[in-house]
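Right, one structure below, let's go through it.
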There are 2 protein chains.
Amino acid sequence: MVKAVSLPAEVVIAGFHALSEPLRVKVVELLRENELCVCDLCAALEVAQSKLSFHLKTLKDAGLVRSRQEGRWIYYSLNLSQFVVLEQYLSEFRRYSPILPARSCSDED
Amino acid sequence: MVKAVSLPAEVVIAGFHALSEPLRVKVVELLRENELCVCDLCAALEVAQSKLSFHLKTLKDAGLVRSRQEGRWIYYSLNLSQFVVLEQYLSEFRRYSPILPARSCSDED
DNA sequence: TAAATCCATCAATTTATATTGATGGATTGT
DNA sequence: ACAATCCATCAATATAAATTGATGGATTTA
């Protein structure tokens with residue numbers, strides 16, 4: 001049961017990709033507070049249903065959200081463990097560094 | 001000097017977008033260990049220089065890397081504080097949750 | 001000064017993603 | 001059974017991102 005060693009983890013890339021689009025980020029920010037059905041999200045975001053459905057699929061394929069059916073509604077909610085995976089991936093960058101990045105006063109580039 | 005309140009933070013989206021492409025992820029993983037010049041990266045990744053340059057620009061625009069010139073070389077390094085920004089953005093999703101997602105026994109790496 | 005190296009940028013093409021409106025499956029209420 | 005609601009999927013189009021080869025600026029070496 002050998003686990004492949006750090007190919008730039010597909011699942012991580014899929015996660016970041018899913019979070020690289022403004023509407024999808026709005027979706028997860030809404031879901032942060034409540035489980036919501038698609039029609040709730042459509043109303044809140046004022047977008048067409050098919051458009052939202054498309055983006056929800058991207059989020060779901062990336063493992064960031066789950067869905068559950070109740071009657072004719074499908075409720076979406078966050079899959080927090082996947083957010084943790086991404087968070088931990090990022091945290092490893094810090095671990096390699098001798099010092100935490102100095103917080104520049106004038107942080108211009 | 002009013003700071004806009006949580007528009008799905010452009011800088012966060014740009015960061016996730018930058019990390020949503022395999023070659024760019026390989027770049028930051030290499031830079032995690034060492035500051036490197038473009039020609040080092042070209043050699044390590046076996047890609048054309050113009051291609052790499054394009055992706056480095058994406059990473060730089062997202063604030064994830066810095067560059068510094070030394071003679072005719074341009075050295076790239078991580079800007080860890082931006083990684084921390086992304087990490088903290090993700091960590092806020094956890095904060096809303098009543099329970100931390102169960103850590104599955106079988107997904108250690 | 002001339003040649004070589006390192007790199008960013010440009011324009012043209014290819015490839016990937018997103019948007020739109022339409023269709024149909026599943027569920028519920030009449 | 002029929003109509004209405006909720007949703008995913010499809011095909012066509014539009015938009016965005018990546019790749020490629022070429023060009024030129026800046027720096028170093030001969």
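We use all heavy atoms of the structure for the numbers below, so side chains are in, but hydrogens, waters and symmetry mates are not. A note on names: the letters A, B, ... follow the listed sequences, proteins ahead of strands, and every chain is numbered from 1. It should be emphasised that the depicted structure is a prediction, and the values quoted were computed from it without experimental measurement.
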Over all strands shown, is A/Tyr75 touching base, sugar-phosphate only, or nothing at heavy-atom distances under 4.0 angstrom? nothing
Got a sec, which residues hit ring pair (Phe, Tyr, Trp, His ring centres under 6.0 Å) with A/Tyr76, two or more places apart in sequence or on another chain? none
What string of B, S and - do you get for nucleotides 17-30 of chain D, 5' to 3', if B is base contact, S is sugar-phosphate-only contact and - is no contact with any protein heavy atom under 4.0 Å? -BBBBB----SSS-
Rounded distance in Å - [atom1] ([X]) to [atom2] ([N]):
X	N	atom1	atom2	answer
B/Leu41	C/dA8	CG	C1'	15 Å
B/Asp40	C/dC6	CG	P	10 Å
A/Tyr76	D/dC6	OH	P	15 Å

Under the 3.5 angstrom rule, does the side chain of B/Arg24 hit a backbone N or O of B/His55 as a donor-acceptor pair? no
Between B/Ser53 and B/Ser50 (side chain of the first, backbone of the second, donor and acceptor by atom type, cut-off under 3.5 Å), is there such a pair? no
Does one hydrophobic cluster hold both B/Phe54 and A/Ile13, with members joined at side-chain heavy-atom distances below 4.5 Å? no
All heavy atoms of B/Val25 vs all of B/Leu19, minimum pair found to be CG2-O, 3.4 Å
Test of understanding: with side-chain hydrogen bond (donor to acceptor under 3.5 Å, both in side chains), list the residues that count as partners of A/Arg68, not counting sequence neighbours. A/Glu35, A/Glu70
